[in-house]
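Below: the structure, in structure tokens.
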Number of protein chains: 2
Amino acid sequence: MQIATWNVNSLNVRQEHVLAWLENNPVDVLALQETKLTDDRFPSAAFAEAGYHSVFTGQKTYNGVALLSRDAPTDVEFALPGLVDEHKRVIAATVAGVRVIGVYCPNGAALDSPKFDYKLDWFAALAEWVAAEAAVHDRLVLTGDFNVAPRPEDTHDPDKWEGRILCSPPERAALEKLLDTGLTDCWRLFEEREGRHRFTWWDYRNGGWARNAGLRIDHVLASPALASACRDCRAHVGERGRKRPSDHVPVVAEFEL
Amino acid sequence: MQIATWNVNSLNVRQEHVLAWLENNPVDVLALQETKLTDDRFPSAAFAEAGYHSVFTGQKTYNGVALLSRDAPTDVEFALPGLVDEHKRVIAATVAGVRVIGVYCPNGAALDSPKFDYKLDWFAALAEWVAAEAAVHDRLVLTGDFNVAPRPEDTHDPDKWEGRILCSPPERAALEKLLDTGLTDCWRLFEEREGRHRFTWWDYRNGGWARNAGLRIDHVLASPALASACRDCRAHVGERGRKRPSDHVPVVAEFEL
DNA sequence: GCCCACTTGG
DNA sequence: CCAAGTGGGC
């Protein structure tokens, strides 16, 4: 079973990229972030044509998440319980016996911004909910754009990034708390393998991609039952080099179930 | 000798259209309107590559005119003398012994708008200057987007257009005053010929092109010496059907000199 | 409708 | 750098 995540930065603009990628990579589940689409505009028909069910919750201009799946999703939830939040950042569903939670975590803007406090509160609410879900679902995947690079080696330039937004101690602690609920960052199981690329996001600005100035901020986190069955986890870095790319690339984890 | 006019509605967007069209239609002079480019951004090099000299006067967002020519232009003028005008709407040059005046006449907005008064004042100043130029230059062409359809038959639907902006009596009188200086509307010399299309502009709105709801508002006006040498005048209507077209098409007049 | 400038978010 | 919204012009 393959489960993937991709922050598409506007599904309107990236719809053809996603369809083409799914054609070549017929994963079982794809979590999308930053669809930037209200639900009435979600292109369900195009994905159905490609053999995918879709569930989604979105808004104009910002945020918006979706889950595409080959098998029909059940027990769909469209928000974090226990947090009043205008932003559409969470969607969960059970697919083929696996609980999949797709998230678009807040960016945080800057350490001294109110948005940073929102980010930490949001992670705390997520951790609480994921702990509850993990208690119920043996097979659970939490995936998406976390806007946190967990370690110095997950940045192209630790001297530049350590302590800054996406790499600060409070953000890393917040991510760590998610892992403390018993989840494994699947990518780390395979990072020593050949041909593994280290990053999942490259800023549009300052030629981030040309300079390989990236971060690893998109993750697939798996419960013990799934982590032990994980056979691969990689970023599809080539997508960043296409025309009109998203600034994020897909990350795919494979499980032997 | 072929002299053409084209309101490109942003040369930034239409640069490739113009280059492709010139490749197939290597006219001697092409007058452009609505370049919407400041002079520092005018793509002279691309046109030089294609074998054209260029002179231009433009501004950000609005207006902007240019003359492209195979032969080097001389005696270039960049404005209407005798009118203080922020708008870059006029450019004149002598090319191969022909005085070419390229104009982007004001639209006028609506009959009761101050912009309408500006339009009439602008035409009056143009007529005065053209009369002076015509006295000096035997071979003279005044061409561009005049934003006036001279006669009912220059509209797709006279019942709708007569009396309205672009077709009102004062505007037609203002255009007539230009012709009174001894100029001929070249298109009328050939309008009975087969395969002649009647319009040069179709509104982007309401499927103007699909409905052939056009107007003839782009003209080539020639002095007697040139009018008697005129062998053809036609609109290149096919350009309106291309991808991301301007709302205007090129109009080409041919002179046997 | 389409194009531009400006703003906000990242 | 890229995307989306607003507002003006035609």
Side-chain angles (χ1 to χ4, degrees), chain A residues 7-15 17 33-38 41 58-64 86-87 89 104-110 113-116 118-119 145-147 164-166 201-211 213-215 217-218 240 242-248, chain B residues 7-15 17 33-38 41 58-64 86-87 89 104-110 113-116 118-119 145-148 164-166 201-211 213 215 217-218 240 242-248:
Chain A
N7 179 323
V8 292
N9 187 18
S10 167
L11 185 54
N12 254 340
V13 176
R14 239 65 71 184
Q15 183 175 336
H17 303 237
Q33 301 89 40
E34 287 207 84
T35 55
K36 299 185 179 180
L37 283 175
T38 49
R41 294 167 175 271
Q59 64 191 99
K60 218 203 255 190
T61 315
Y62 304 118
N63 313 308
E86 308 285 279
H87 298 181
R89 295 183 175 277
Y104 172 51
C105 304
N107 172 285
S113 164
K115 292 180 185 174
F116 190 77
Y118 164 67
K119 181 174 189 171
D145 175 2
F146 289 76
N147 271 313
R164 283 186 41 182
I165 188 75
L166 311 182
W201 170 83
W202 296 259
D203 202 323
Y204 284 125
R205 291 164 286 192
N206 311 102
W209 169 244
R211 290 166 38 237
L215 298 182
I217 57 179
D218 301 273
R240 190 60 174 80
R242 300 209 194 284
K243 275 200 194 119
R244 274 196 113 188
S246 170
D247 44 353
H248 298 250
Chain B
N7 178 324
V8 292
N9 186 19
S10 166
L11 186 54
N12 255 338
V13 176
R14 240 64 70 185
Q15 183 174 336
H17 303 235
Q33 300 89 41
E34 287 207 84
T35 56
K36 299 186 178 178
L37 282 175
T38 50
R41 293 166 176 271
Q59 64 191 100
K60 218 201 259 189
T61 315
Y62 306 118
N63 312 309
E86 308 284 279
H87 297 181
R89 296 183 175 276
Y104 172 50
C105 304
N107 171 286
S113 165
K115 293 180 183 173
F116 190 77
Y118 164 67
K119 182 174 189 173
D145 174 2
F146 289 76
N147 271 314
V148 179
R164 282 185 42 182
I165 189 73
L166 311 181
W201 171 83
W202 296 258
D203 201 320
Y204 284 126
R205 291 165 285 190
N206 310 102
W209 168 244
R211 291 166 36 235
L215 299 181
I217 58 179
D218 301 273
R240 189 60 174 79
R242 299 208 193 286
K243 274 200 195 118
R244 274 195 114 188
S246 169
D247 44 352
H248 298 251

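Chain identifiers are assigned alphabetically (A, B, ...) following the order of the sequence lines, protein sequences preceding nucleic acid strands; residue numbering begins at 1 within each chain.
Going from atom NE2 of A:His248 over to atom P of D:dA3 covers 13 Å, rounded to whole Å. Following rounding to the nearest Å, A:Tyr204 (OH) and C:dT8 (P) show an atom-to-atom distance of 21 Å. For the pair A:Asn63 CG and D:dA3 P, the computed distance is 17 Å after rounding to whole Å. Computed from coordinates, the B:Lys243 NZ to C:dC3 P distance equals 14 Å when rounded to whole Å. Per the geometry, CG belonging to B:Asn7 stands 12 Å off C1' belonging to C:dC3, to the nearest Å. Spacing between atom CG of B:Leu11 and atom C1' of C:dC2 amounts to 16 Å, rounded to whole angstrom units. Atoms NE2 (A:His87) and C1' (C:dG9) sit 11 Å apart, rounded to a whole Å. Here D:dC2 presents its P atom at 10 Å from CG of A:Asp247, a figure rounded to the nearest Å.
Each of D:dC10, D:dG5, C:dG9 was ranked by its minimum atom distance to the side chain of B:Arg89; first place goes to D:dC10. Here D:dC10 is the nucleotide among D:dC10, D:dA4, C:dG9 with the atom lying nearest to any side-chain atom of B:Asn107.
For the pair B:Lys60 and C:dC6, the criterion of a side-chain N or O lying under 4.0 Å from OP1 or OP2 is met. Within the 4.0 Å cut-off from OP1 or OP2 of C:dG1, not a single side-chain nitrogen or oxygen of B:Arg244 is found. Taking 4.0 angstrom as the limit, A:Arg14 places none of its side-chain polar atoms (N or O) nearer than this to OP1 or OP2 of D:dC2. The side chain of A:Ser10 places no N or O atom within less than 4.0 Å of a non-bridging phosphate oxygen (OP1 or OP2) of D:dC2. Considering only side-chain N and O atoms, A:Lys36 lies nowhere under 4.0 angstrom from the phosphate OP1 or OP2 of C:dG9.
Note: B:His248 and B:Trp201 have tilted aromatic rings, judged against thresholds of 30 and 60 degrees for the angle between ring planes. Using cut-offs of 30° and 60° on the angle between ring planes, the pair A:His87 and A:Tyr118 is perpendicular.
Proximity of A:Gln33 to A:Arg89: side-chain heavy atoms (C-beta onward) are nowhere separated by under 4.5 Å. Taking 4.5 Å as the limit, every side-chain heavy atom of A:Thr35 sits out of range of all side-chain heavy atoms of A:Arg14.
Nearest-nucleotide positions on DNA chain D for A:Arg205 and B:Glu34 put A:Arg205 closer to the 5' end.
Atom CD of B:Glu34 is separated from atom CG of B:Asp247 by 7.5 Å, given to the nearest 0.5 angstrom.
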